[in-house]
**Q** 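Just dropping this structure here.
By convention here, the first residue in the shown sequence is residue 1.
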Amino acid sequence: MWIEILRVSWRSIRANKMRSFLTMLGIIIGVMAVVLSSAIGMGAKDNITSQVEGLGSNVLTVMPGATSSGGISQGFGSASTLTTADVTAIQQQDPDVKYVSPVVSHTAQVVYGANNTNTAIEGTNEQYPEIKNVTMAQGRYFLQEEVNSAANVAVLGSQVEQTLFAGERVNPVGQTIEIQGIPFTVIGVAASQGTSGFTNQDDAIAIPITTEVNLMTGSDTVSQILASATSSQVMNQAQLEIESTLRVAHQLTPGTADDFTIQNQATLLSTLSGVTRVLTLLLDGISAISLLVGGIGIMNIMLVSVTERTREIGIRKAIGARKSSISTQFLLESLTLSLAGALIGLIVSGAGAMVAARVMKTGSLLSVSAIVLSVVFSIAIGIVFGVYPARKAANLKPIDALRFE
């Protein structure tokens, strides 16, 4: 009996191919929306995580305080409240801080032979690559002795190296470049790090902080201080230690607001992940509405089908077909349309997720939970929205059905 019911249901669906496809279209779009919204959400989360982790391992960023103009705050980083002495204090007094480095950045003209570029010059110390996970493509980073002696040495970002040495068949390491007319010896080229937020880390040149202070800025104030905790478990403790050290160094009395701010990488990642999760849930909610609309479309078409096949139903009931058989047939048709739509939606969305992964430069973005959820939801929709048409067909009286024109 079941085989016969399935055969009749499938024949009915095939008899109206275009209508069946249009009926499935709502489910197809709904499933695509569920899977792709989940894929995009996962891709966004992966990108955010990789960018934050690209800032370094267990990193705490200390920014200067804010100045105000006309009563309007200019934002953190606009004041000059951090100095190289603060870096020394953190190094000496905070046991949960493993590495610490000052950063002073400005833009300058750099020349090598006939080539030149305008790029960021960053004054740092020998611990900077440990904090920022900098790896070297060629040569090395500068040493503590070179920082102490304010040596004229430079480490090029990969993009700067390509610009300055374009067309030159020489090893950049050992060559002399000019920064603001001052000669520097290139001792290394950093491997490509990509962008971090709005900053292109490859378009920069690192020089010792002491050289930056002596030859470029003439001031011991720094743009920011980067610190790396000994482990992720002591991030909060390290942050408290730095805060205490800087308050003492800046002679801030109890009750006085900090003239600096500390950004915790773990807190930042948690906040950004939370925002991404909320946006993904919002997209999933919209996708669920699409599936419900698709279910309503299935119910409408099945009601039309019941009306069109009223005489067929009457004949079948007149020759002994039971109400359960009629009901099962229409319910199976609804379920088949829903499942077929779900499968087509999964195939299309799978291809879309592959394209999204390439564009967002991440791994596979297909979520097993999203796939299972969309299929289960489609089955539920096929059953729920197929019940009413099936019951209506099963409850038709044979004599009324046979007289239907």
**Q** Do H106 and Q180 have side chains that approach each other closer than 4.5 Å (heavy atoms only, starting at C-beta)?
**A** yes

**Q** What I'd like to find out is whether the side chain of L226 reaches to under 4.5 Å of the side chain of V100, using heavy atoms alone.
**A** no

**Q** Atom NZ in K132, atom OG in S228: separation rounded to 0.5 Å?
**A** 11.5 Å

**Q** Taking side chain to side chain donor-acceptor pair (under 3.5 Å) as the test, write out the residues that go with T245, two or more places apart.
**A** D94

**Q** Can you find a heavy atom in the side chain of T210 that is under 4.5 Å from one in the side chain of N148?
**A** no

**Q** Checking V110 against I205 for the side-chain contact (heavy atoms from CB on, under 4.5 Å) test, could you report, in this order, the C-alpha distance in whole Å, the side-chain angles of both residues, the deciding distance, and whether it holds?
**A** CA-CA 9 Å; V110 183; I205 296 176; 3.8 Å; yes

**Q** Below 4.0 angstrom, N of the basic side chain to O of the carboxylate: do R140 and E126 qualify?
**A** no

**Q** Does any donor atom in the side chain of T119 or T117 lie under 3.5 Å from an acceptor atom in the other side chain?
**A** no

**Q** What's the spacing between N152 CG and T176 OG1 if we round to 0.5 Å?
**A** 10.0 Å

**Q** Taking ring pair (Phe, Tyr, Trp, His ring centres under 6.0 Å) as the test, write out the residues that go with Y112, two or more places apart.
**A** F165

**Q** Taking it one step at a time, do M136 and V155 satisfy side-chain contact (heavy atoms from CB on, under 4.5 Å)?
**A** CA-CA 9 Å; M136 304 302 296; V155 176; 3.7 Å; yes

**Q** Does any non-hydrogen side-chain atom of V160 lie less than 4.5 Å from one of D202?
**A** no

**Q** If we only count heavy atoms from C-beta on, is the N125 to Q91 side-chain gap below 4.5 Å?
**A** yes

**Q** Can you name the side chain to side chain donor-acceptor pair (under 3.5 Å) partners of N115, sequence neighbours left out?
**A** none

**Q** Is a side-chain donor-acceptor pair under 3.5 Å present for T124 with E122?
**A** no

**Q** Any idea which heavy atoms bring A249 and D86 closest together, and the distance?
**A** CB-OD1, 3.7 Å

**Q** Of all heavy-atom pairs between P102 and I209, which one has the smallest distance, and what is that distance?
**A** CG-CG1, 3.9 Å

**Q** Can you name the side chain to side chain donor-acceptor pair (under 3.5 Å) partners of E178, sequence neighbours left out?
**A** none

**Q** What do the steps show when you test T221 against S219 for side chain to side chain donor-acceptor pair (under 3.5 Å), and what is the final call?
**A** CA-CA 6 Å; T221 59; S219 170; 3.0 Å; yes

**Q** Identify the two heavy atoms, one from Y128 and one from S101, that lie closest to each other, and give their separation to 0.1 Å.
**A** CB-OG, 3.7 Å

**Q** Show the nearest heavy-atom pair for residues V62 and L246, with the distance to one decimal.
**A** CG1-CD1, 3.7 Å

**Q** Where the side chain of T256 meets the backbone of L252, is there a donor-acceptor pair that is under 3.5 Å apart?
**A** no

**Q** Taking the side chain as everything from C-beta on, heavy atoms only, tell me whether L82 gets closer than 4.5 Å to H250.
**A** yes

**Q** Does anything in residues 240-256 form a salt bridge (Lys or Arg N to Asp or Glu O under 4.0 Å)? List the pairs, not counting sequence neighbours.
**A** R247-D258

**Q** Got a second to check how far Q159's CD is from Q201's CD, nearest 0.5 Å?
**A** 12.0 Å

**Q** Sort and list the pairs that fulfil salt bridge (Lys or Arg N to Asp or Glu O under 4.0 Å) and have at least one residue in residues 203-232, not counting sequence neighbours.
**A** none

**Q** Rounded to the nearest 0.5 Å, what separates atom CD in E146 from atom OG1 in T185?
**A** 9.5 Å

**Q** Can you spot which of N58, I242, L60, T230 makes a side-chain contact (heavy atoms from CB on, under 4.5 Å) with V97?
**A** I242

**Q** When you compare the side chain of T61 with that of I262, does any pair of heavy atoms fall below 4.5 Å?
**A** no

**Q** So how far is it from N118 CG to T163 OG1, rounded to the nearest 0.5 Å?
**A** 11.5 Å

**Q** Step by step, work out the side-chain contact (heavy atoms from CB on, under 4.5 Å) result for V103 and V222.
**A** CA-CA 6 Å; V103 177; V222 299; over 6 Å; no

**Q** Compare every heavy atom of V153 with every heavy atom of P208, then report the nearest pair and how far apart it is.
**A** CD-O, 3.3 Å

**Q** What distance do Q237 atom CD and S231 atom OG have between them, rounded to the nearest 0.5 Å?
**A** 11.0 Å

**Q** Could you tell me if the side chain of V31 sits less than 4.5 Å from the side chain of V35, heavy atoms only?
**A** yes

**Q** Check the pair F184 / T211 against side-chain contact (heavy atoms from CB on, under 4.5 Å), numbers first and verdict last.
**A** CA-CA 10 Å; F184 280 79; T211 309; 3.6 Å; yes

**Q** Minimum heavy-atom separation for I177 and L164, please, with both atom names.
**A** CG2-CD1, 4.3 Å

